[in-house]
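One structure is given here, and the rest of the page talks about it.
Whatever order the structure lists them in is the order used to number ligands and atoms, beginning at 1. Residues take their numbers from the sequence shown, with the count starting at 1.
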Amino acid sequence: MTATLQIVVLNQLAERHLEMLKNADPNCSIHIAKLENAAPLMAEADILATWGHLDIRQLCAAAPKLKWIHALSAGVEQLTFPELQSSSVILTNSKGIHGIPVSEHVFSMMLAFSRGLNLFIRQQQQSIWKRVPTDEIYEKTIAIVGLGSIGRSIAKRAKGLGMTVLASKQEQTSEIFVDRLYRPDQLHQMLAEADFVVVAVPLTEATKELFTIEEFRIMKKSAYFINIARGSVVNETDLVTALEQGVIKGAGLDVFDHEPLAETSPLWNMTNVIITPHIAALSPYYLDRAVKLFADNLTHFIQGDEMTNLVDKVKGY
Ligand code: OXD
């Protein structure tokens, strides 16, 4: 008889989620814990399901049997530490389940700017009836920096709204919803053409501070910058300068260098900024999709099949 797989999950799961995992492996033992009290469970753990932003180094150091870490998020920024990189533990993530909520979030920000909601909501709070110029996103140009599964969902919706779609990507694939594809080294050329720039790249050594004042200066003065990727993809001080000095028109920001965003950040009070608290991917369906992916991968793991969403621990995606 094979040993029972011990699975530690650093998130609450509903009965239906436990059932999904039990359907994949009726014999497994599932332990739900918080980061701060999971340590005693790690001595026997074979599998750890966690989030990319949690610092699990101490848990891993106490887990001699650990074989697989699964991120319930797409981002794995805290999970690629040197000890894990050099170990045989495999890392998978939840890439592929974010397209619907994140692209809807991106368009809620773009349409809000275009129709002036960033201003009208502030006016409403003060009972002010005042018309301000509004615009359309129809026939505007969107540049999607990073065309993975989230970028593709954004591209598809942008086409549906009559936009011209530009995107940058390492491999030059043929894409039905993209009008022009750029290589990463052609980023500046793409930025210069866009009315909306949407960042959808993973955070890696190569994408850290990809946006500095130089990139904002290349963008049109009338352009909006939307970040649903990671805060550190942008030099936040440069972004503040660009917004204060009118180098770009506005920014929709779901992610920040340090989260939660400090109360003292000048971004809070800018009328040309929309801030959301890193919730672009969240919806009532998130955990159902994430656990389904985890359960499918559990089947692959048990059967020794190729794992879905295997992360290159050195590249970070
Ligand atoms: C993720 C996110 O990485 O929502 O999953 O940011």
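Distances below 4.0 Å separate heavy atoms of Tyr286 from the following atoms of ligand 1: 5 (O). For ligand 1, the atoms closer than 4.0 angstrom to any heavy atom of Gly75 are 1 (C), 3 (O). Each of the atoms 1 (C), 3 (O), 5 (O) of ligand 1 lies under 4.0 Å from some heavy atom of Ser73. In summary, the atoms of ligand 1 found under 4.0 Å from a heavy atom of Arg230, numbered by their order in the structure, are 1 (C), 2 (C), 3 (O), 6 (O).
Among all heavy-atom pairs drawn from Ile248 and Met219, the shortest one is CG2-CE, 3.8 Å.
Between His17 and Phe294, the gap from one ring centroid to the other reaches at least 6.0 Å. Residues Phe211 and Phe225 place their aromatic rings such that the two centres sit under 6.0 Å apart.
The protein heavy-atom contact nearest to atom 2 (C) of ligand 1 is His278 NE2, 3.6 Å.
Ion pairing of Asp288 with Lys292 is absent here, as no side-chain N (NZ or NE/NH1/NH2) approaches a carboxylate O to less than 4.0 Å.
Between Ala281 and ligand 1, no pair of N/O atoms sits closer than 3.5 Å.
At distances below 3.5 Å, not a single donor-acceptor pair connects side-chain atoms of Lys67 with backbone N or O atoms of Ile47. Using a distance-only test at 3.5 Å, with no hydrogens or angles considered, no donor-acceptor pair links the side chain of Gln126 to the main chain of Gln123.
With a 4.0 Å heavy-atom cut-off, ligand 1 is reached by the backbone of Ala74 and by its side chain too. Contacts with ligand 1 closer than 4.0 Å are made by no heavy atom of Trp51, backbone or side chain.
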